[in-house]
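Heads up: numbering here begins at 1 and tracks the sequence. Only heavy atoms go into these numbers, but all of them, side chains included; no hydrogens, no water, no symmetry mates.
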Amino acid sequence: MTPTTVNIPQAVTMGVTTLAWYALPDAVRSRPARALLKAGLLVAGGAVWVQARTPDDRVQSGPDAFDDALAAVNEAPGKALAIGGTVLALGTALSVAGEKAIFAFGERRRARGVRFAHTLPALGLGVLGALTTLPLPDEGNASGA
């Protein structure tokens with residue numbers, strides 16, 4: 001098993017971007033202003049994420065999962081389009097539902113008079129976001145140890 005490393009700058013970027021995204025309603029009440037700031041967060045977070053990649057992340061040699069997926073698409077483009085469209089639609093619907101639920105949760109907390117109603121849950125979401133950058137156990141090691 002080869003050792004895996006954690007890309008700390010990417011973990012921090014993901015955590016801070018997630019925290020800012022979900023805490024934003026406490027700082028900015030205007031919905032259009034939040035939308036503009038969130039677009040900026042996506043651009044800035046994405047740019048930092050790309051810059052924080054390690055050299056090993058940038059260079060791939062040999063076939064990988066993307067090559068396998070592209071081969072499957074070339075074999076059955078109609079089926080791939082149907083599956084891709086379904087995944088995109090479901091992913092979008094679940095994302096919108098999740099965003100609305102998280103925002104509504106914060107608004108209920110705000111209505112009860114809780115200070116930093118969106119920020120406190122955003123801290124937990126930021127930690128979860130940072131944890132998503134951790135490497136997965138090697139596929140060859142089913143136990144994960």
For T133 and W49, run side-chain contact (heavy atoms from CB on, under 4.5 Å): C-alpha distance rounded to whole Å, both residues' side-chain angles, the deciding distance at 0.1 Å, then the answer. CA-CA 11 Å; T133 66; W49 179 272; 3.5 Å; yes

Residues R29, E107: salt bridge by 4.0 Å N-O rule: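 A salt bridge is present here (some side-chain N lies under 4.0 Å from a carboxylate O).
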
In the structure I gave you, are the side-chain heavy atoms of P9 and Q51 within less than 4.5 Å of one another anywhere?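 They are not in contact (no side-chain heavy atoms under 4.5 Å apart), so the answer is no.
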
So F103 and R34, do their side chains get closer than 4.5 Å, heavy atoms only?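 Yes. Closest side-chain heavy atoms under 4.5 Å.
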
If you look at every heavy atom in [X] and [Y], which pair is closest and at what distance?
X	Y	value
G45	T17	CA-OG1, 3.9 Å
T18	G129	OG1-CA, 4.2 Å
A23	A122	N-CB, 3.6 Å

Give the intermediate values and the outcome of side-chain contact (heavy atoms from CB on, under 4.5 Å) for residues W21 and E99. CA-CA 10 Å; W21 182 277; E99 290 288 325; 3.2 Å; yes

Quick check: does any side chain N or O of R110 sit under 3.5 Å from a backbone N or O of P25, one acting as donor and the other as acceptor?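 Here the side-chain-to-backbone pair exists.
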
Does A52 offer a backbone N or O that forms a donor-acceptor pair with the side chain of N7 under 3.5 Å?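 Yes, N7 side chain to A52 backbone: donor-acceptor pair under 3.5 Å.
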
What distance separates [X] [atom1] from [Y] [atom2], expressed to the nearest 0.5 Å?
X	Y	atom1	atom2	value
L134	T132	CG	OG1	8.0 Å
L128	L123	CG	CG	11.0 Å
R109	R115	CZ	CZ	12.5 Å

Flag yes if [X] and [Y] sit in one hydrophobic cluster, no otherwise; membership is Ile, Leu, Val, Met, Phe, Trp, Tyr, and two members link when side-chain heavy atoms are under 4.5 Å apart.
X	Y	answer
L131	I8	yes
Y22	L41	yes
V127	V12	yes

Verify whether the ring centers belonging to H118 and F105 lie closer than 6.0 Å.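 H118 vs F105: aromatic centres not under 6.0 Å.
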
Would L125 and L19 count as a side-chain contact (heavy atoms from CB on, under 4.5 Å) here? Give the steps. CA-CA 7 Å; L125 293 169; L19 168 65; over 6 Å; no

Applying side-chain contact (heavy atoms from CB on, under 4.5 Å), can you list everything that pairs with F116, at least two apart in sequence or on another chain?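 F116: side-chain contact (heavy atoms from CB on, under 4.5 Å) contacts with D26, T119, L120.
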
